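A, B, ... follow the sequence lines: proteins, then strands. Residue 1 opens every chain. Quantities reported herein were computed from a predicted structural model and do not represent experimental measurements.
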Amino acid sequence: MSVQLSWFVARARRRFAMSRECSLLLPRVCAALADPRQPGSDDTCLEKLLDWFRHLAAFDPTEKLVQDNPCLTEFITSVLALPEPSPSILSFTLRLAGILAASENRFQHLQEKLLVRLFGRDGPLNSAMWEDASVRSGWVEGVHSMMHHQPALHFLCNGGGIDVIFTLQGDPSLFVASAASQLLVHVLTFSVEAEATKPLSTKDCDWPASAQMIIKHIEDSLQSSSASHIKQSLKLLTSLFGSCHATWTEVLWLGIAKQIESFLTEETVQAQHMLANLLLNMAWSPVFCDTEGSFWALVTSALERLTPVQAGPLAVGILRLYKCPQDVRIQALTVLLQPMDCILRAASQPLEYTGLLDESVSDPITVESLLSSKSSCASLLCQTLAHLEELLSLIRLPVDLPYTSLLRSLITILQFCNGFLSPASPLGSTISRILINCFRVQRSALDVLAALSERKGCDTLIGSLFDVLLAYLESPNTSPTVLKKTFQATSKWLVRLQELSCSNSQWQQTEKILEDVFLVLQKRLCSPCWEVRDSSLEFLTVLIKCLRDQDEFRQSLLSSEVPRLTENLLEDPESYVRASAVTAVGHLAFITYFAPESPVIGNQCNKENTVAKLQEILSTDSEGFPRRAVISIFTKWLRQGCTGQLEDTEQFVSRVIQTVEHDLDWEVRRGGLELVEVFCSQTVCQLGLSECPYAPVSSAVSSSIHQNELLQIFCRAKVFSFLFRSLCDCDKPVGQRACDILLGLRDNFYPVSTLKDSQGTGDSPAGRGIAWLQRTLGQGSLAQNFPTDDGNGVDFQDPESMMIVLGTIDLEELHDELNKSSDHMEKSPQSLLQDILATVGTTEENEADCY
Amino acid sequence: SYLSVFCLGPGAGQDVGRSCILVSIAGKNVMLDCGMHMGYNDDRRFPDFSYITQNGRLTDFLDCVIISHFHLDHCGALPYFSEMVGYDGPIYMTHPTKAICPILLEDYRKITVDKKGETNFFTSQMIKDCMKKVVAVHLHQTVQVDEELEIKAYYAGHVLGAAMFQIKVGCESVVYTGDYNMTPDRHLGAAWIDKCRPDLLISESTYATTIRDSKRCRERDFLKKVHETVERGGKVLIPVFALGRAQELCILLETFWERMNLKAPIYFSTGLTEKANHYYKLFITWTNQKIRKTFVQRNMFEFKHIKAFDRAFADNPGPMVVFATPGMLHAGQSLQIFRKWAGNEKNMVIMPGYCVQGTVGHKILSGQRKLEMEGRQILEVKMQVEYMSFSAHADAKGIMQLIRQAEPRNVLLVHGEAKKMEFLKQKIEQEFHVNCYMPANGETTTIFTNPSIPVDISLGLLKRETAIGLLPDVKKPKLMHGTLIMKDNSFRLVSPEQALKELGLAEHQLRFTCRVHIQDPRKEHETVLRVYNHLKGVLKDYSVQHLPDGSITVESILIQATAHSEDQGTKVLLVSWTYQVGILENILFKHLCS
C-alpha cells in the first residue's frame, strides 16, 4: 500500500471509529429506533447510520463490533419481536444485519437462528410487511452485503433464499428488481470463485451447487415461453458479462448461445435492444473478443438483423474496440453510415451520387423507409449523429471514417432542416419535409459538425459549410439552443479555416467569411433574447482567445461594430449577459488597448473609460456573476502584465482590494485573493528575491533592503490587511486561500530554519487558532508586541509589525484548522447519534414541512 | 391505451425528499420535475438516472422535462441532469421560475462548494448553460412540444411562478400539480384549474391529513414572538433561503412595524432584497389581487423598514431583526451571526423551514443546546429557538377541492408520507369514485385509459345517411356505415367511393366461389334446367334467371354446371357470389344441398 493510501485509510479509520462517546450513545439510539412509540427517524439518518456501520464493519472483520456492542443484536431481536414494525425500521434492520454478517466471524456470532428469522421463510418475507417495497429492498440489500463468505452462501441456498431472489427479479419496484438481478450476478460470481474446486471447462463442467441453481434458472428462463423471464435472464447475463471477465463465463455462454441466437430471428420476444446490450458487453470482455468465429458471427448477424435503431449502440460500441475482426467492423460502420448515405442519396441526382457506402454491403431499403416516416426519421438521425459524435470525440479512432462524405451529409441534413434544400427525388422531398425546423436534428448535426472540425480531410467543402453556418447564424428561425450550437461549430471551423488559410494563402476567402460572421454577430448582440446575447458574447470570447494572434481576424473584428456593441452590453439588464460582456471586453482589451500594434492603442481615454466601467461593475453591480467576471479579468490582465499600461500596478491592486474585501459574494473575495497572489508573486520576482514564485529563500543573506521594500509595497497596497482579515472570513475557501498565500509570503521573509527557532522560544503560539486571531485582529491585543493603529487594532500598514506578525502566527496550525472541512462536525458519527437521540420525543410537526 | 407513471425517488419507499416523476402518455415520455435531496452530501442527493438511461439515450427517450417551481426539491438536479448526465432536449417552466431558479441553484452551489469543497457538483457555467435550454411558458398558454404533445400551465400558488401542468397527447391527458396551495396568502393567490377532466391527476400530498390551523393564528404568533424579543432588547435571527418564504415574512414584518410604529432595525443579508424586489416587480401579475391593487400606489416589495445588512452590524448593541442565508444554519453568514448571538438568552432564532440532519439548524430544532463546533469548541445555546412553518401546501381539504375542480378519472398521490396518503386515498375513492394510486418510488403505475377517438364524417355520407333515416340526434346514438380512413393523423368516415378517390385506389370486386357436387346422370343443360326450376319454385321473392349461356343467376349470385372430369354421373355446380349478398347465399346453399 502506498504511503498516501495508507494515510487515507488511517484517517478514514479514525474518523469512523467507534469512539467511547459513540459506544455510550449507541445503546440509547438502538433502544429509540426499536421503540414503536417513537416517531420514525428521518430516512437520511438511517442511511447515514448504515454508512457508518459499513465503514466500521469493513475496517474490522472480527466479532469485536458485535461483542462490544451487544445492543446491536438486541436491537435486531427486539425489532423482530415487534408485532408490526415500521417498514423503514424493518428495512434498516435487514440491511444492518447483512452488513454485520458480512464477515464470517460476525456471521457466526449473530447465529443462524437470528439470521433465519430475518432472511428465512418465517421472516418478513412471509409476512404482510413484505408488501412494502422498502422491506423487500432491505432484504435484497441485506443478503447482498452478507454474501462474502461460504457459510452465508450455504445459508442462502439451503434456506431457499435463491428462489426468493429469482422471484424478486420481476418485482413491481424497478429498484428491487434491479437489485435482485445484481445480487444474482454477485452470488453466481462468488459461488464459482469461492467454491469451484478445479477450473471449469466445456468438457468438464462441474458447477458448484449455488452456481448450478442460478445457471439452471437462466437456462430454463431462456427456454420458457415467458417474455418477461427471458428478459430478466438477458439482463442478468448482460451485467454478468459486463462485470465478470473470468474464463468460466465462456463455458456458461456456450451452453446458452444457441438459444440466444434464436431470439435474433424470433420476433415474439421483443428483446432486441437487450440482445444488443448483451453482445456489446461480451464484445468488451477479453474472454469473448479474442475468440474466433462463432461469437463474432453472431455479432455480425445481429448487426444485420436488428433494425438500425436497435443495432446503433452495438455498432458504435464495436467501433470503439481496438481488437475486432475487420468484417465485423465494416458491418458496424455500415450500420452507422447508412442513414447518412441515404441522406446523401436522397439529395442528389441518381447519376452524380458518389456515396458513402459500397452498395454491395448496404441494404438501404429499411433505412429509407425509416427515414421517410415522420415518426422514426428524426429519432434515427439523432441517434446516428450522437453515435458519430461519440466516435469522433475519441482521440484515437480504431476505424477510418470517410470525413468528406460525412461532412457533406451533415451539410445536407442542416440544409434540409432549414429548408434550403428541397430535392426533386421523392425520398429527398419526403425527408426534407419531415426535417424542416426540426431542432433536435439541428442540434445533433451541429454537435457532430463541431467534432468533425478536428479531423483532417474536409477542406474542399469549407465554402459550402460556412454558407450553411452563416445561414443558421442569420436566420430568425434559428432557436436559441440551436444558435448556441451553431456558434460552437462556427468557432471551431473558424480556427480550422485560419489554419488552412495560413497553409494555402486563401486570405480572401477567410476575410470574407470573417466579415460575414462579424456582421451577423452585430445583429445577434442586439437580440431581445438574453440567451442569444449571452451566447454571442461567449462566442466572441472564444474567437478572441483562439485567433487573437491572426492579423485578418483582428482587422475584421476591429473594423466591425462588434467591440462597441460588446461594451454597450456591460449595462445589460441581465446579469449573465453583463458577466459575459465583462469577459469579452476583458479579452478584447488584449487586441485593442494592450496590443502594441493595435490602431486603438493611443486612445487612452477609451481605455480608461473601459477600466472605470469594469471598476464600477465590481463595486456596484448587484449580482455576483458580473463582479466575479471583473475580478477574474483583472487577474488575467495582471498575470499578462497589462495593468502597468493603465496606472501604477500597486495602486491598481490596492484599489481592487478595497473594493472586493467587503463584497458579499465570497467567490469575489476569493477572486481578489487570487489577484493578490499574482501581484505578490510578480513583485517578489521583480525585486529578484526569488527566481520562481514562492520558492523559499535559501539563506538569510538575501538582501534585507529588498525585503523591506517588499514589505513596504505590500503594506501600501493593503495586501496584509486583506489577507489577515480574510483568514477570519465566514466563508471557508476565502480563509484557506488567504492562509496559503500568507504561508508562501512568509517563506520569503523567514527561512524555515529561523522560523522554527523563533517560534520555539518565548511566546508559544499554541492554541492560536482562528478564534484567537479574530479576537486579536479586532481588539489589537497583539499590541503588546506590535504597534497598533489609532483604533487600537493591529496596524496593517506598518511593515515592521507585519514582519513580526508573519513570524508569530502559527500559519501551519491555522492551515490545518481551516482545511478541516467545516462539516466535519456534521459528518461525525457522534453528531449523527446525538441527532437521532435528540429527535426522540419530539413531535412530528417539524418533519412534514419540507418546504 | 394506457399511461404509466414512474417515481424516481431516493429510496424504495414513499420518501419525501425530491420530486422526479416520469410519465409515459401515448408514446411520449415526459419528466416532471428534477429535484435534489438536500439531506445527502453524496450522489444520493440526485435521482439515479441510470434507470432512465436503460431505455437508450436520454435526449432520444425523453420528449421534454417540465419543472413546476423553483424549490430545490423540484429543480435542484436539473443542471446535473442537463449538463452532466447529458440530457439535451427541451425544458419547460414558467417565466418567474426561469428567472428565480438559477438564483437558488447558484445559492446552493455556493454553499455546497464552500462547505464541502466537493467536486462532483455543477458549476455556475453549468447552471447558466442549463437555463439557456429552458423554454419559458405563460399561464394558460398551450405550448406545442411537438406535433402531438402539448402542455399548458395553470396557477398553483405556493411560491412565485409555481404552476400545475397539463400534459396532453391527442385526447389523453395528465395533470401534474407540483406543490400547490388552495388558499391565498399575503402575496400569492390560490391555485386554480379548469374542469379539464384529465385521465390522471398527479397531486402532491405533503399535508395529506393535516387541516392546517388558521394561518392568521400562526402569523400572530410569529409577530408576537418577534415583538417580545425586540421589546426586551434582544436580537432576532431568521435564517432563510434566498427567495420564497423570506419575502412573505418580510411583508409580514414590514406591515407590522408600520402599524406598531417600531423603530428596531430589520436587515436582510446578501443583497437579496433588491433582487427579490426586482423579480416581484417584474412578475407582479403572478401575485395576488391585493398586492396588484396596492402596487399602483406603492410597491409592497419596496420596504421602508428593511435595510441591507452589513457584517459589522451583528456586533451593534440593541435590538434588531436579521434575515440571513443559508436557511439551515450550516455555513456562511447565518451561522456566523448565530454563533455571535447564541449565548444571550434575550436573543431568538426563528427557523422558518426544514433543516437536514447534521446541520446546526436541525440540532437546535431537536432541542440540542450544547453544540460542538469546529476545533472541539462547545457552543452553549442560550437564545430562544422557535420553529415557525409558513410553507404553502394544500391541506387535505385543498387537495379534495382541486380534485373537484379538475374532475380527473384517476388520482395519483406523490410527495407525502405513506400512512397519511393511505388515509387520503380512501377519502378520495369514497367521495369521487375514482381510482387513487400511491406508488412507492421505483414502482411503475399503469393506468388504462379509454380514449374516445374523434372521427370526422364526410358531409356526403352524412347526407346520404340522413336521407334514409332520421336527422342526427345527440341523445339517440345511431349506427352509420362508411369507410374509416386515417389520413394526416386524423380519422374520417367517408363513403367507399370517396375513400377510393382520396386514397387513389382502384376498386376490386371480391367474389367467393364454391363447388357443389350433385349426383345426376343427365346432361349438363338438363341439370341446369332442373336446378333453375327448383330455385324458381323455392325462391319466389328473388329474381332467378336462366341466361342464354346456360348459367343461372339468383340476384347477383351466379351458378354454372359442368360434368365431373372423371365421373360423368356427377355434376359440379360452380356457385359464385359477392360479399354483399349476405343471407341469400346461405338460403341458396341450403336448397342446393337438399
Side-chain angles (χ1 to χ4, degrees), chain A residues 42-45 47-48 87-88 91 132-134 136-137 172-176 178 273 313 379 382-383 386 440 443 480-481 484 531 534-535 576 622-625 664 666-667 730-733 769 771 817 820-827 831-832 834-835 838-839 842 845-846 848-851, chain B residues 6 11-13 15-17 39-41 44 51 56-57 59-60 71 73 88-89 110 113-117 124 128 132-133 179 206-207 210 270-271 274-275 330-333 335-336 353-354 356-359 362-363 365-368 372-375 377 387 389 391 417 440-444:
Chain A
D42 179 355
D43 274 355
T44 58
C45 287
E47 287 290 331
K48 289 173 192 171
S88 69
S91 171
D132 195 290
S134 62
R136 299 197 298 276
S137 164
S173 165
L174 194 55
F175 297 160
V176 177
S178 156
H273 81 272
S379 49
C382 284
Q383 188 191 293
R440 277 173 68 197
R443 284 196 298 260
T481 49
K484 187 170 181 235
E531 291 91 338
D534 190 75
S535 298
Y576 277 138
S622 64
E623 302 272 350
F625 311 114
L664 292 166
W666 65 261
E667 281 171 309
C730 68
D731 288 291
K732 211 137 241 196
E817 195 177 318
K820 215 183 275 171
S821 152
S822 67
D823 60 345
H824 95 110
M825 188 239 332
E826 275 177 34
K827 276 185 180 164
S831 150
L832 174 64
Q834 280 166 344
D835 283 357
T839 46
T842 56
E845 172 69 19
N846 296 359
D849 185 22
C850 206
Y851 285 92
Chain B
F6 175 70
D15 196 352
V16 191
Y40 294 105
N41 39 28
R44 281 175 287 189
Y51 290 101
R57 284 180 66 248
T59 315
D60 296 336
H71 277 151
D73 61 336
D88 200 18
K110 284 178 83 79
V113 180
D114 174 356
K115 206 164 76 91
K116 292 158 188 131
S124 249
K128 179 169 85 172
K132 280 186 182 176
K133 291 177 186 170
D179 289 350
T206 314
Y207 292 151
T210 327
T270 67
E274 305 93 61
K275 212 181 287 181
H330 56 299
Q333 202 156 52
L335 184 61
Q336 202 182 37
Y354 159 85
V356 301
Q357 184 276 321
T359 56
H362 182 269
K363 283 176 191 294
L365 272 182
S366 63
Q368 299 180 57
E372 187 195 322
M373 306 307 272
E374 290 150 53
Q377 285 176 348
Y387 177 76
S389 160
S391 71
E417 284 173 53
N441 297 329
E443 265 177 36
T444 304

Original post:
Can you name the nearest heavy-atom pair linking A:Trp666 to B:Lys110, along with the distance?
Top reply: CZ2-O, 3.5 Å
**OP:** Identify the two heavy atoms, one from B:Glu443 and one from A:Ala133, that lie closest to each other, and give their separation to 0.1 Å.
**Re:** OE2-CB, 3.9 Å
Original post:
If you count heavy-atom pairs under 4.5 Å between each of A:Pro313, A:Pro480, A:Ser535 and chain B, which one has the most?
Top reply: A:Ser535
Subject >> Shortest non-hydrogen contact from A:Cys382 toward B:Arg57 >> reply: O-NH1, 4.0 Å
Original post:
Which atoms form the tightest heavy-atom contact between B:Gln357 and A:Cys45, and what is the distance?
Top reply: CG-SG, 3.3 Å
Original post:
Do the side chains of B:Gln368 and A:Asp835 get nearer than 4.5 Å, heavy atoms only?
Top reply: yes
**OP:** Please round to the nearest 0.5 Å and tell me the distance separating atom CG of A:Leu664 and atom CD of B:Gln333.
**Re:** 7.0 Å
Original post:
Of all heavy-atom pairs between A:Thr481 and B:Lys133, which one has the smallest distance, and what is that distance?
Top reply: CG2-CA, 3.7 Å
Subject >> Residue A:Glu623 versus chain B: region with a heavy atom under 4.5 Å >> reply: side chain
**OP:** Measure up the A:Phe175 and B:Phe6 rings against each other and bin them: parallel (under 30°), tilted (30 to 60°), perpendicular (over 60°).
**Re:** perpendicular
Subject >> Working for side-chain contact (heavy atoms from CB on, under 4.5 Å), residues A:Arg440 and B:Asp60 >> reply: CA-CA 9 Å; A:Arg440 277 173 68 197; B:Asp60 296 336; 3.9 Å; yes
**OP:** For the pair A:Lys48 (side chain) and B:Gly39 (backbone), establish whether a donor and an acceptor sit closer than 3.5 Å, ignoring hydrogens and angles.
**Re:** yes
Original post:
Quick one: what part of A:Ser178 sits under 4.5 Å from any heavy atom of chain B, side chain, backbone, both or neither?
Top reply: side chain
Original post:
Would you say B:Ser366 and A:Gln834 make side-chain contact, with heavy atoms under 4.5 Å?
Top reply: no
